[in-house]
Asker: 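Here's a structure for you.
Note that ligands are numbered from 1 as they come in the structure, with each ligand's atoms numbered from 1 the same way. It should be emphasised that the depicted structure is a prediction, and the values quoted were computed from it without experimental measurement.
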Amino acid sequence: EIPLNYGADRLGKRYDADMQKFRDNRLGAFIHWGLYAIPGGEWNGKVYPGAAEWLKSWAKVPSGEWLELMKQWNPTKFDARKWAKMAKEMGVRYVKITTKHHEGFCLWPSKYTENTVANTPYKKDLLGEMVKAYNDEGIDVHFYFSVMDWSHPDWRYDVKTPEDSAAFSRFLTFTDNQLKELATLYPTVKDFWFDGTWDASIKKNGWWTSHVERMLKEMLPGVTINSRLRADDYGKRHFDSNGHLMGDYESGYERRLPDPVKDLKVTRWDWEACMTVPENQWGYHKDWSLSYVKTPVEVLERIVHAVSMGGNMVVNFGPQADGDFRSEEKELAKSIGAWMKKNGQCIYGCDYAGWEKQPWGYYTRKGSDVYMVVFNCPYSKHLTVKTPKGTQVVKAALLNRKSVKVVETARNEYNVDMPAQEPGEPFVIKLQIKEAAGVVDKYRDALT
Ligand SMILES: C[C@@H]1N[C@@H](C(=O)NCc2ccccc2)[C@H](O)[C@@H]1O
């Protein structure tokens, strides 16, 4: 192994209670809310199809002009308790909030910059209201924090000159101060999800990313940190130069998922994916007709797919500037929540089952309970199940307890019947299994 000063602090998964809670939560929501919600993808009469939270970049708006939007920031319809109820109804166990996105506008009254909610007509501490409301509903709060800050004069994409070094050193101190502020003001925060860390300036300062992980874990024992923060001595990100995951979970799956057959390696570490409902909109965009908008079932399939491979899924919401949500997002939360109410036991606390994936859908597992989550109904009316050697399927039942017939068709192969009534939506079959070592093998391989 290459000797590293700023590589992974720990080898292998964390098994402490805080990490177990992170893992058991499985389903989260992202809240992308900032000044970008005001223009909603349109600038000077032109609508930009790219990610709305990147509008400042697409429309090449100078920081001074962009920050003028602060004068319009007054979410009169914002009601943190309503937001928390919506999350509760959706069945998410945690919410990741953009404390500060690339634009540099802070949802909390930071004393290290003028670019905060305190200097807007709204004035109040939005982040504090959200943290309290979500926590009051028993929902964990995670902080999204963008290291890249387009509005800070000392931010640099790269560090090439002595002036760059002096400026970026000031920037890193500023960022330290903001992170300490967040950890001090909101000590119930359970996770920091860092973004905007791909530029050369950060890759050349791997030491700082290691310092941030250690500083936050010192201030908030048990807090989790995503791999995206981290760069090692050689600028290697997420995984260090020895291939070890940095941080506590891999956070590279943004708007994409591992292949459920080819990418089984991801089951070796903790990971969390995040997704948008349109093709690529995190912040509020006024025109969702510009790209495909996923249906609730398509969102649900991505949630189940992630859990089936031992990962978490975070579904994004981009609130309007007025503090209300668009109807598509309200309907999505209701629809996912209704399904989770009936079937959540195949998600919460579940993990990779280790069985061979079948075309009808995904397996998840919790202890000795194996769940079949069916998205694709076969014309054969049977759901093929292939178990690992030594494992038998004893019984199968729908979650409403109606049993379904199981017929053994070959060694470690079964036909599980489809339910008599067509469920009309993705459904779950719970398997009772028997894992006996050295089971009598009554089948013979063909002599060829
Ligand atoms: C979670 C997402 N990460 C932010 C982001 O910048 N993603 C990578 C990206 C990099 C360059 C152009 C578009 C998107 C997006 O704005 C969201 O916050």
Side-chain angles (χ1 to χ4, degrees), residues 27-41 43 48-61 63 66 69 92 94-107 115 127 130 141-152 155-158 175 178 182 191-203 209 224-231 237-238 247 249-257 271-286 288 290-291 294 299 302-303 306 311-321 329:
L27 175 60
F30 235 136
I31 294 285
H32 270 78
W33 204 27
L35 298 176
Y36 44 75
I38 296 170
W43 198 261
Y48 293 78
E53 72 285 353
W54 275 70
L55 178 62
K56 179 182 181 293
S57 173
W58 311 137
K60 297 181 175 41
V61 184
S63 282
W66 182 263
L69 290 166
V92 300
Y94 65 103
V95 176
K96 304 184 94 99
I97 306 168
T98 52
T99 58
K100 179 178 83 169
H101 205 264
H102 311 335
E103 64 178 6
F105 177 64
C106 305
L107 292 186
N115 310 331
L127 188 61
M130 284 187 241
V141 169
H142 293 192
F143 284 167
Y144 165 108
F145 183 92
S146 175
V147 175
M148 175 169 71
D149 183 333
W150 293 329
S151 299
H152 197 287
W155 163 257
R156 293 290 185 279
Y157 288 100
D158 197 353
T175 307
Q178 285 207 311
L182 286 170
D191 172 86
F192 280 80
W193 200 93
F194 288 93
D195 200 10
T197 50
W198 47 76
D199 288 310
S201 54
I202 297 295
K203 290 202 277 193
T209 72
T224 48
I225 303 285
N226 71 332
S227 61
R228 193 178 297 202
L229 162 67
R230 304 281 278 98
R237 297 184 58 242
H238 294 271
Y249 59 94
E250 212 257 292
S251 55
Y253 287 104
E254 176 178 322
R255 297 175 37 241
R256 64 189 177 93
L257 278 169
W271 58 279
E272 177 196 72
C274 53
M275 64 173 286
T276 51
V277 181
E279 192 272 328
N280 183 13
Q281 290 300 340
W282 299 89
Y284 175 80
H285 195 291
K286 62 181 58 177
W288 268 20
L290 297 176
S291 82
K294 296 172 193 69
V299 172
R302 285 163 173 78
I303 295 168
N312 287 17
M313 175 56 85
V314 183
V315 179
N316 184 71
F317 291 80
Q320 299 167 164
E329 292 183 346

Asker: Using distance alone, decide if ligand 1 has a nitrogen or oxygen within less than 3.5 Å of any nitrogen or oxygen in H32.
Answerer: yes
Asker: For ligand 1, is there an N or O atom under 3.5 Å from any N or O atom of W193?
Answerer: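 Such a contact does not occur with ligand 1.
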Asker: Heavy-atom distance under 4.5 Å between the side chains of Y36 and W66, does that happen here?
Answerer: yes
Asker: Please list, in number order, the atoms of ligand 1 under 4.0 Å from a heavy atom of H102.
Answerer: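 The list of qualifying atoms is 4 (C), 5 (C), 6 (O).
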Asker: Among all protein heavy atoms, pick out the one at the shortest distance from atom 4 (C) of ligand 1; state its residue, atom name and that distance to 0.1 Å.
Answerer: D195 OD2, 3.0 Å
Asker: Among all protein heavy atoms, pick the one closest to atom 9 (C) of ligand 1 and tell me residue, atom and distance.
Answerer: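 The closest one turns out to be W54 CZ2, 3.9 Å.
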Asker: May I ask you to check whether W282 has an N/O atom sitting below 3.5 Å from an N/O atom of ligand 1?
Answerer: no
Asker: With rounding to the nearest 0.5 Å, note down the distance linking CG in L35 to CD in E53.
Answerer: 13.0 Å
Asker: First locate atom NZ of K294, then atom CZ of R302, and finally report the distance between them rounded to the nearest 0.5 Å.
Answerer: 5.5 Å
Asker: Establish, yes or no, whether a centroid distance under 6.0 Å links the rings of H142 and W193.
Answerer: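 No: the rings miss the under 6.0 Å criterion.
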Asker: Taking 4.0 angstrom as the limit and counting only heavy atoms of H101, give me the atoms of ligand 1 inside it, by number and element.
Answerer: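 Heavy-atom distances to H101 below 4.0 Å select 15 (C), 16 (O), 17 (C), 18 (O).
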Asker: Distance check, rounded to the nearest 0.5 Å: S146 atom OG versus F194 atom CZ?
Answerer: 10.5 Å
Asker: Nearest protein heavy-atom contact for atom 16 (O) of ligand 1: which residue, which atom, what distance?
Answerer: E53 OE2, 2.7 Å
Asker: How long is the span from the NZ atom in K100 to the OH atom in Y144, to the nearest 0.5 Å?
Answerer: 10.0 Å
Asker: Can you name the atoms of ligand 1, numbered from 1 with element, that are less than 4.0 Å from a heavy atom of Y144?
Answerer: 18 (O)
Asker: Is there at least one pair of N or O atoms, one from W198 and one from ligand 1, spaced under 3.5 Å apart?
Answerer: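 Between W198 and ligand 1 (N or O atoms, distance only) the closest approach is not under 3.5 Å.
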Asker: Starting at OG1 of T276, measure out to CH2 of W288 and round the result to the nearest 0.5 Å.
Answerer: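 Going from the OG1 atom of T276 to the CH2 atom of W288 covers 8.5 Å.
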Asker: Between F30 and W282, is the ring centre distance below 6.0 Å?
Answerer: yes
Asker: Which heavy atom of the protein is the closest neighbour of atom 8 (C) of ligand 1, given with residue, atom name and distance?
Answerer: E254 OE2, 3.7 Å
